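Because the structure is a prediction, the values reported are computed rather than measured.
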Amino acid sequence: MSQEHWMRDLAPELRALSIINLAIPGSHNSMTYGINRKSRLAPDAEPDIRRWHRFFPCIVRRWCKTQSHGILEQLQAGVRYFDLRIAQKEGKFYYCHGVFAMEVFEPLLELRQFLDSHPEEVVALDLQHFYAMTVAHHQQLHKELIQFFGHRLYSTVDGSLNDCSLDKCLALRRQVIIVYRRCPIPLPLRFWPSNAWPTPWPNKVSVKKLQSFLEDSLLSRQPQQGYVSQCLITPTGRYIALRFFLSLKFAAKRVDKKLEPWIVEQVPGPFEPKDTPRVNVFLADFVNMKDGQFCNWVLELNSKL
């Protein structure tokens, strides 16, 4: 199975399943590969980050970057779920994680081109956090996203996520699902609310505690919901200070190594309310490390279906 075309290459019985019942690789803060020397502090920067940025901006950028490969390379590795953090500046929208990355629609243009040439692939865009945005800014972003993706959006009027199979998406020419969280105004019908696809934040610095959180929180999943398992640690100021001249990639390698046994033993697929919940999306930092081994682990889970 080609990772670039993995949805196309699934067996017919799996293409008939809802995408919330497949194992799907996702990238955490997907667009932070766009952070560069010119990146300035963003509204979401923590106090420690703001202090350190005054004297060590290059080190701060290293700890803010969670992906090193572009969106096309992530797509080719098999990523189909993108975790996004957006801030407004001077009327424009940018990706951010402590510091600003690129404008929002810059990588989305590459995504749209990929989808047009890969009609059997479907992606989910999880607009997770927003900063420095008023109601008017949200309205503007809604309008721009709808205009940009047009007919490709799988909307709430197309059916539930539980009915959203790859075969159905192909028949309807739908390829993009937008989950829009923490919106201060009613969502357009083209977007999905936060409770449609829960993504519990572990907020752990210990991999052992992270795994316990992943196991416990998965038990709360409902059969009609998508679900995201965030396979990543959240470094504290102290954690970073003790590893100041390293980078977040150092932590990601450690997480991957220790979580691999847990990931590969998981099972996707539909389940009943009385059953033990099953997995869906796995989110990670630096998903292209070691030739995309994280994506390989996740995609291989679909062979259990």
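E120 places no side-chain N or O within donor-acceptor distance of the main-chain N or O of H118, the cut-off being under 3.5 Å. In this structure, R181 contributes its side chain and S194 its backbone to a donor-acceptor pair below 3.5 Å. A donor-acceptor pair under 3.5 Å links the side-chain atoms of Q88 to the main chain of A132, judged by distance alone. Side chain of R62 to backbone of F245: a donor-acceptor contact under 3.5 angstrom is found. Judged by distance alone, the side chain of E121 and the main-chain N or O of Q175 form no donor-acceptor pair under 3.5 Å. Of the possible donor and acceptor atoms, one in the side chain of R221 sits under 3.5 Å from a partner among the backbone N and O of Q225. Using a distance-only test at 3.5 Å, with no hydrogens or angles considered, a donor-acceptor pair links the side chain of Q67 to the main chain of A284. Side-chain atoms of D83 come within 3.5 Å of backbone atoms of N29 as a donor-acceptor pair (strictly under, hydrogens ignored). Within the 3.5 Å criterion, the main-chain N or O of A77 finds no donor-acceptor partner in the side chain of N296.
Side-chain atoms of E300 and S303 include a donor-acceptor pair closer than 3.5 Å.
Distance check, rounded to the nearest 0.5 Å: SG of C96 to CE of M31 gives 12.5 Å. Remark: N21 CG to N162 CG distance equals 6.0 Å, nearest 0.5 Å. Interatomic distance, K209 NZ to N203 CG, rounded to the nearest 0.5 Å: 11.0 Å. Between the CG atom in L248 and the CG atom in D285 there is a gap of 5.0 Å [rounded to 0.5 Å]. Atom CD of residue Q266 and atom CG of residue L259 lie 10.0 Å apart, to the nearest 0.5 angstrom. Put simply, CG on L145 and CD1 on I178 are 4.5 Å apart, with the number rounded to the nearest 0.5 Å.
Listed by chain and number, the residues in a salt bridge (Lys or Arg N to Asp or Glu O under 4.0 Å) with R243 amount to none (sequence neighbours excluded). Residues satisfying the ring pair (Phe, Tyr, Trp, His ring centres under 6.0 Å) criterion with Y95, sequence neighbours excluded, are absent altogether.
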**OP:** Go through the steps for F130 and H137 under the test ring pair (Phe, Tyr, Trp, His ring centres under 6.0 Å), then give the verdict.
**Re:** CA-CA 10 Å; F130 301 95; H137 291 131; over 10 Å; no

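The aromatic rings of F294 and F282 lie perpendicular to each other, with more than 60° between the two planes, well past the 30° mark. By the 30° and 60° cut-offs, the orientation of the rings of H97 relative to H28 is perpendicular.
Applying the ring-ring contact (aromatic ring centres under 6.0 Å, His included) test to residues at least two apart or on different chains, the pairs with a partner in residues 196-227 are Y81-W197.
Because its NZ or CZ atom is both nearer than 6.0 Å to the ring centre of F148 and within 45° of the ring axis, R112 counts as a cation-pi partner of that residue.
Paired with N288 under the rule side chain to side chain contact (heavy atoms under 4.5 Å, CB included), one option of Q293, Q76, Q74 passes, and it is Q74.
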